[in-house]
Protein chains: 2
Amino acid sequence: MQQSQSTAEVMTLRDKEYKCGIDVTLALVGGKWKASILWHLAQDTMRFSDLQRQFADTTRKMLTQQLRELEADGLVHRKVYPQVPPKVEYSLTEQGKSIFPILEMMCDWGSSYLKAANTP
Amino acid sequence: MQQSQSTAEVMTLRDKEYKCGIDVTLALVGGKWKASILWHLAQDTMRFSDLQRQFADTTRKMLTQQLRELEADGLVHRKVYPQVPPKVEYSLTEQGKSIFPILEMMCDWGSSYLKAANTP
DNA sequence: TGGCAAAGTTCCCTGTGGGGTACTGTGTTT
DNA sequence: AAACACAGTACCCCACAGGGAACTTTGCCA
């Protein structure tokens with residue numbers, strides 16, 4: 001446990017306490033959709049409707065909600081074009097991009113885990 | 001999205017479907033304690049009571065439950081010594097060890113995320 | 001005049017991840 | 001005989017993440 005020096009200081013984020021960076025990371029991308037959303041945005045800036053197409057099995061509400069949280073956490077950037085019908089583009093911030101290597105590893109690890117599990 | 005070839009085949013694990021390895025990884029270590037447990041076990045084989053000491057803010061029940069799931073998923077190994085009082089040691093399997101680099105990155109990333117967030 | 005488009009918001013509901021508390025079994029020490 | 005040690009299980013509970021369905025806003029097009 002990489003306890004931060006003698007003081008055992010507590011990390012806080014939005015009023016919640018975390019003992020380790022792992023928990024922080026999981027709090028930020030550990031939801032049901034967030035990691036996948038980041039993964040998709042890493043390839044490309046996307047409009048809301050693009051994301052809807054990618055995540056056909058969720059609702060507009062869920063997508064909106066997850067995206068807003070990611071925005072609040074500084075991981076994605078939301079650009080609204082003031083036109084009708086509305087156009088909103090989502091892209092990764094620098095911080096959002098910085099997590100990509102982790103997502104990549106998670107993707108690979110998960111795949112090979114399954115491969116190992118299915119070939120006993 | 002690293003869609004696995006033309007067939008868009010669905011990955012399954014314990015009757016649940018996953019579109020991407022990321023979701024599999026999160027399903028395995030995405031709970032409230034699992035990642036931390038793996039992290040601790042990576043340092044050392046530990047007895048149940050050792051883990052209880054490390055995770056003083058959870059209950060025996062929770063620990064047991066998480067450990068059993070990790071065991072069922074093949075990430076930790078559970079060794080029971082047939083003696084009284086009981087002695088049970090937990091350690092990582094090879095598969096468990098293989099996820100360590102990801103945990104390390106998550107730990108680092110989470111820490112620097114917080115650092116950035118707290119120094120605006 | 002009314003239907004549609006994009007990107008939401010509001011209200012309400014449900015499943016389940018996480019948790020509290022108490023009970024269990026069995027040898028050993030006092 | 002009673003308390004303790006360890007590693008559990010059994011039962012019950014709740015908050016909240018996730019989700020369904022309907023309503024909204026503003027302009028354009030037929």
Side-chain angles (χ1 to χ4, degrees), chain A residues 13-19 22-23 25-37 40-41 45-73 76-91, chain B residues 13-19 22-38 40-41 45-73 76-91:
Chain A
L13 172 65
R14 250 186 272 104
D15 299 339
K16 296 199 173 172
E17 302 191 344
Y18 302 95
K19 287 209 299 250
I22 292 180
D23 300 328
T25 304
L26 283 177
L28 293 175
V29 305
K32 189 166 177 184
W33 306 103
K34 288 183 182 172
S36 295
I37 291 175
H40 279 263
L41 289 181
T45 290
M46 295 180 94
R47 296 189 52 170
F48 185 81
S49 44
D50 295 331
L51 287 167
Q52 257 195 108
R53 229 161 287 128
Q54 291 295 327
F55 296 90
D57 52 343
T58 189
T59 57
R60 271 195 298 284
K61 198 199 79 165
M62 270 295 115
L63 266 187
T64 309
Q65 187 177 302
Q66 305 297 307
L67 286 166
R68 290 297 167 81
E69 290 180 20
L70 288 171
E71 188 196 4
D73 292 334
V76 317
H77 177 245
R78 180 164 174 272
K79 173 157 191 185
V80 182
Y81 294 82
Q83 64 184 43
V84 168
K87 174 177 173 181
V88 182
E89 277 185 355
Y90 291 93
S91 56
Chain B
L13 173 65
R14 250 186 270 104
D15 299 338
K16 296 200 176 173
E17 303 191 344
Y18 301 94
K19 287 210 299 249
I22 292 180
D23 300 328
V24 175
T25 304
L26 283 177
L28 293 174
V29 305
K32 189 166 176 183
W33 306 102
K34 288 183 182 172
S36 294
I37 291 174
L38 292 176
H40 279 264
L41 289 181
T45 291
M46 294 179 95
R47 297 190 53 172
F48 185 81
S49 45
D50 295 330
L51 287 167
Q52 256 195 107
R53 229 161 286 128
Q54 291 296 326
F55 296 91
D57 52 342
T58 190
T59 57
R60 270 195 299 284
K61 198 199 78 167
M62 269 294 114
L63 266 186
T64 309
Q65 187 178 301
Q66 304 297 306
L67 285 166
R68 288 299 166 81
E69 292 180 19
L70 288 171
E71 188 195 5
D73 292 333
V76 316
H77 177 245
R78 179 165 176 273
K79 173 158 192 184
V80 182
Y81 294 82
Q83 65 184 44
V84 170
K87 174 177 173 180
V88 182
E89 277 185 354
Y90 292 93
S91 56

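Here C:dA7 is the nucleotide among C:dA7, C:dA5, C:dG20 with the atom lying nearest to any side-chain atom of A:R47. For A:V88, taking side-chain heavy atoms from C-beta onward, the closest of the listed nucleotides D:dG8, C:dA7, C:dA5 is C:dA7. Nearest to the side chain of B:F48, among D:dG8, C:dA7, C:dT9, sits D:dG8. Here D:dA7 is the nucleotide among D:dA7, D:dA22, C:dG18 with the atom lying nearest to any side-chain atom of B:R60. The side chain of A:K87 approaches C:dA7 more closely than any other nucleotide in the set C:dA7, C:dG27, D:dG18. Closest to the side chain of B:Q66, out of C:dG18, C:dA7, D:dA7, is C:dG18.
Using a 4.0 Å cut-off, some side-chain N or O of B:S49 falls inside it from OP1 or OP2 of D:dA7. The side chain of B:Y90 places an N or O atom within less than 4.0 Å of a non-bridging phosphate oxygen (OP1 or OP2) of D:dG8.
When B:Q65, B:K34, B:R78 are each tested for a side chain to side chain contact (heavy atoms under 4.5 Å, CB included) with B:L70, only one passes: B:K34. When the options A:V88, A:L41, A:T58, A:T64 are evaluated for a side chain to side chain contact (heavy atoms under 4.5 Å, CB included) with A:L51, the one that passes is A:L41.
To the nearest 0.5 Å, atom CG of residue B:L67 and atom CE of residue B:M62 are 11.5 Å apart.
Using the six-membered ring where Trp is involved, B:W33 and B:F55 have ring planes that are perpendicular, over 60° apart on the 30 and 60° scheme.
Contact of the B:L13 side chain with the B:L28 side chain is registered, since non-hydrogen atoms from C-beta on lie closer than 4.5 Å. B:Y90 is not listed as a side-chain neighbour of B:I37, based on a closest heavy-atom distance of 4.5 Å or more. Counting heavy atoms from C-beta on, the side chains of B:T45 and B:D50 never come closer than 4.5 Å. Between B:M46 and B:Q54, some side-chain heavy-atom pair lies under the 4.5 Å cut-off.
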Could you spell out the base pairing of DNA chain D in dot-bracket, with Watson-Crick or G-U pairs whose two distances are under 3.5 Å, [ ] crossing and | to another strand?
||||||||||||||||||||||||||||||
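Each of A:P85 and A:T59 lies near DNA chain D, and the nucleotide nearest A:T59 is the one positioned closer to the 5' end. Residue whose closest nucleotide on DNA chain D sits further toward the 5' end, between B:P86 and A:D57: B:P86.
We find that CG of B:L26 is positioned 14 Å from P of C:dG17, with the value rounded to whole Å. Counting to the nearest Å, the C1' atom of C:dT14 and the NZ atom of A:K61 are 12 Å from each other. Rounded to whole Å, atom C1' of D:dA5 lies 12 Å from atom CD of B:Q83. Protein atom CZ of B:R68 is 18 Å distant from nucleotide atom P of C:dG17, rounded to whole Å. Straight-line distance from the CD atom of B:Q52 to the C1' atom of D:dA7: 8 Å, rounded to whole Å. One can place CE of B:M62 at 13 Å from C1' of C:dT21, the figure rounded to the nearest angstrom. Atom CD of A:E71 is separated from atom C1' of C:dG8 by 13 Å (rounded to the nearest Å). Taking atom CD of B:Q65 as the reference point, atom P of D:dC12 lies 17 Å away to the nearest angstrom.
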